[in-house]
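Residue numbering restarts at 1 for every chain, and letters A, B, ... go by the order of the sequence lines. Below, all heavy atoms of this structure are taken into account, side chains as well, without hydrogens, waters or symmetry copies.
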2 protein chains.
Amino acid sequence: MSTTGRGLHGRVLDTLGPEITAGAYPPGSVLRTDELAQRFDVSRSVMREVVRVLESMHLVESRRRVGVTVLPAREWNVYDPQVIRWRLAGADRPRQLRSLTVLRSAIEPVAAGLAARNATAEQCAELTECALGMVANSRGHRLEGYLFHDMAFHRVILTASGNEMFARLGDVVAEVLAGRTHHDVMFEDPDPAAVTLHVQLAEAVRERDAARAERLTREITEGALQELDILAP
Amino acid sequence: MSTTGRGLHGRVLDTLGPEITAGAYPPGSVLRTDELAQRFDVSRSVMREVVRVLESMHLVESRRRVGVTVLPAREWNVYDPQVIRWRLAGADRPRQLRSLTVLRSAIEPVAAGLAARNATAEQCAELTECALGMVANSRGHRLEGYLFHDMAFHRVILTASGNEMFARLGDVVAEVLAGRTHHDVMFEDPDPAAVTLHVQLAEAVRERDAARAERLTREITEGALQELDILAP
DNA sequence: CGCGGATAAAAAGTCAGACTTATACGTCAC
DNA sequence: GTGACGTATAAGTCTGACTTTTTATCCGCG
């Protein structure tokens with residue numbers, strides 16, 4: 001589940017990264033490499049590597065004679081999967097989930113339209129398989145099984161679009177879907193209407209109906225927006 | 001212009017990063033830290049920091065007893081601004097430009113719709129100012145001036161949307177616009193229709209007409225797609 | 001001939017300490 | 001008050017030794 005796991009350096013990162021993204025240090029705060037090394041009981045070499053990684057994520061900035069300065073959230077690389085995970089695990093999780101759901105609502109319809117044009121026969125088959133899996137798990141509190149197929153479904157759509165930028169959002173969408181199922185309200189079985197929409201979407205892609213695929217996906221994502229009480233246009 | 005500039009570590013990164021994203025080492029290639037350190041004439045400490053950063057971008061993977069393995073492009077963090085710049089500077093620039101333009105066509109209309117709801121009075125003013133600047137530079141080969149206001153315009157839209165994920169794409173869009181003006185065909189003055197659309201968009205946002213703002217932006221981005229010969233739905 | 005376990009080698013990982021360099025800040029002269 | 005100068009500070013760099021993990025090889029046994 002955790003990503004960096006390996007290495008002493010990764011363990012420090014897994015503590016310090018979430019602290020920063022959680023806002024434990026207000027923007028402009030100054031950390032010193034030596035102090036951090038002492039706190040985590042690692043050598044400066046390791047600490048410097050950690051700082052370099054945080055710097056490449058634009059979470060901090062390292063300057064001579066000053067120290068390691070924490071940057072304002074506006075500067076962060078919010079598309080870095082690591083940063084996304086850290087923020088989703090932190091306090092402003094709801095806020096983050098909203099941002100990402102709005103992003104989904106912009107991306108996925110277009111991706112679905114492209115998928116209808118570019119999907120391979122194999123991808124079409126995967127898609128219908130996932131949709132069937134969703135149907136099969138849509139009743140009787142089989143939330144985990146439903147989630148599994150839901151994540152796979154959207155990942156296939158994004159990949160089949162043929163656009164690498166879209167494909168790379170597969171993990172993010174999966175994270176959002178998982179978050180919705182696990183942490184937020186979702187005690188009951190999923191909305192039957194949503195299930196039907198997914199089945200129809202798989203159908204539309206198979207039949208190369210780009211316009212319909214886009215329209216159906218827009219309905220799906222608007223449902224997701226409404227769940228989070230985000231006003232739909 | 002260049003980003004990492006500072007530090008010995010940054011200079012090595014500015015050479016090795018572009019090499020990898022350009023595909024100089026096929027996926028699965030193995031690099032050794034010591035050899036790299038020798039090649040760039042830096043100490044292993046510095047080289048290790050470089051490798052750590054590349055690893056956080058998912059360009060490479062470092063494993064004990066094996067070395068530093070180059071990962072397939074599918075794994076790369078393609079939203080990392082650094083990676084985007086490296087790829088735009090490399091050989092598959094056209095491909096990259098297409099991916100990003102498709103991304104724009106998905107994001108910007110939604111962002112414009114949100115901007116119409118959320119933009120502050122100040123942002124509305126900036127928007128009209130940018131649009132006027134575009135008009136003023138739309139004739140007589142004043143491409144640089146036009147580009148400047150065009151970049152600013154889209155940046156304001158993305159920021160005014162109020163969604164941090166959208167806002168963070170400001171740099172990317174700017175890069176795409178700059179790329180179009182500088183490297184690709186754009187000898188003549190910009191399309192008058194596009195200029196008009198921008199003026200109308202600023203108007204729509206000012207008047208809080210979200211639907212119209214979205215529709216106008218869709219027209220703008222479809223124009224961008226057509227310029228690159230990407231089929232529009 | 002093939003298989004499994006001991007063994008060795010290779011590369012990253014870690015650490016400690018000394019040295020260099022840039023730079024913010026205070027001081028002093030004007 | 002302003003400007004030049006010196007100093008303290010924290011990051012940056014280098015070196016060399018040691019540890020750890022993982023892979024490949026080799027050998028003996030079935």
Engineer: Write down the distance between CE (A:M47) and C1' (D:dT13), rounded to a whole number of angstrom.
Structural biologist: 18 Å
Engineer: B:R48 has an atom CZ; how far is it from atom P of D:dG12, in whole Å?
Structural biologist: 16 Å
Engineer: Taking A:E164 first and then B:R87, would you say they form a salt bridge - that is, a charged N and a carboxylate O separated by under 4.0 Å?
Structural biologist: yes
Engineer: So B:R63, base contact, sugar-phosphate only, or nothing? Heavy-atom distance under 4.0 Å.
Structural biologist: sugar-phosphate
Engineer: With the side chain of A:R44 defined as its heavy atoms from C-beta on, choose the nearest nucleotide among C:dT14, C:dA18, D:dA11.
Structural biologist: C:dA18
Engineer: Whole-Å distance between C:dT14 P and A:F40 CZ?
Structural biologist: 15 Å
Engineer: Heavy atoms only, 4.0 Å cut-off, all strands: where does A:V66 land among base, sugar-phosphate and nothing?
Structural biologist: sugar-phosphate
Engineer: What contact category does B:T33 fall into here, base, sugar-phosphate, or nothing, at under 4.0 angstrom with non-hydrogen atoms?
Structural biologist: sugar-phosphate
Engineer: Over how many whole Å does the gap from A:L36 atom CG to D:dA10 atom C1' extend?
Structural biologist: 13 Å
Engineer: Which of these nucleotides, C:dT23, D:dT15, C:dA16, is closest to any side-chain atom of B:S45?
Structural biologist: D:dT15
Engineer: Starting from the 5' end of DNA chain C, give me the residue, A:V42 or B:S62, whose nearest nucleotide shows up first.
Structural biologist: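 Whichever sits nearer the 5' end wins; that is B:S62.
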Engineer: Among the candidates D:dG12, D:dA10, C:dA12, find the nucleotide nearest to the side-chain atoms of B:R32.
Structural biologist: C:dA12
Engineer: Given C:dA11, C:dA9, D:dG12, which nucleotide is nearest the side-chain atoms of B:R65?
Structural biologist: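 Given the options C:dA11, C:dA9, D:dG12, the side chain of B:R65 is closest to C:dA9.
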Engineer: Hey, can you tell me if A:Y79 and B:Y79 have their rings parallel, tilted or perpendicular (30° and 60° cut-offs)?
Structural biologist: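 A:Y79 vs B:Y79 ring planes: parallel.
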Engineer: Please report, rounded to the nearest Å, how far the P atom of D:dG12 is from the CG atom of B:D41.
Structural biologist: 19 Å
Engineer: Thinking salt bridges, do A:R180 and A:D150 make one under a 4.0 Å N-O criterion?
Structural biologist: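 Yes.
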Engineer: Taking the minimum atom-to-atom distance to the side chain of A:L8, which one of D:dT20, C:dT14, D:dA11 wins?
Structural biologist: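 Minimum distance to the A:L8 side chain belongs to C:dT14.
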Engineer: Write down the distance between CG (B:L31) and C1' (C:dA10), rounded to a whole number of angstrom.
Structural biologist: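 Interatomic distance, CG of B:L31 to C1' of C:dA10: 16 Å.
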Engineer: Let me know the distance between CD of B:E61 and C1' of C:dA12, rounded to the nearest Å.
Structural biologist: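 That distance rounds to 13 Å.
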Engineer: State plainly whether the residues B:E49 and B:R52 are in salt-bridge range, i.e. N to O under 4.0 Å.
Structural biologist: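 No, no charged N to carboxylate O under 4.0 Å.
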Engineer: Which of these nucleotides, D:dA11, D:dT13, D:dT22, is closest to any side-chain atom of B:R64?
Structural biologist: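 Out of D:dA11, D:dT13, D:dT22, the nucleotide with an atom closest to B:R64's side chain is D:dT22.
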Engineer: Side chain of A:H9, heavy atoms from C-beta onward: which of D:dT15, C:dG13, C:dT14 has the nearest atom to it?
Structural biologist: C:dT14
Engineer: To the nearest Å, how far apart are A:L54 CG and D:dA11 C1'?
Structural biologist: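 A:L54 atom CG is separated from D:dA11 atom C1' by 15 Å.
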Engineer: Taking B:E175 first and then B:R104, would you say they form a salt bridge - that is, a charged N and a carboxylate O separated by under 4.0 Å?
Structural biologist: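 No, no charged N to carboxylate O under 4.0 Å.
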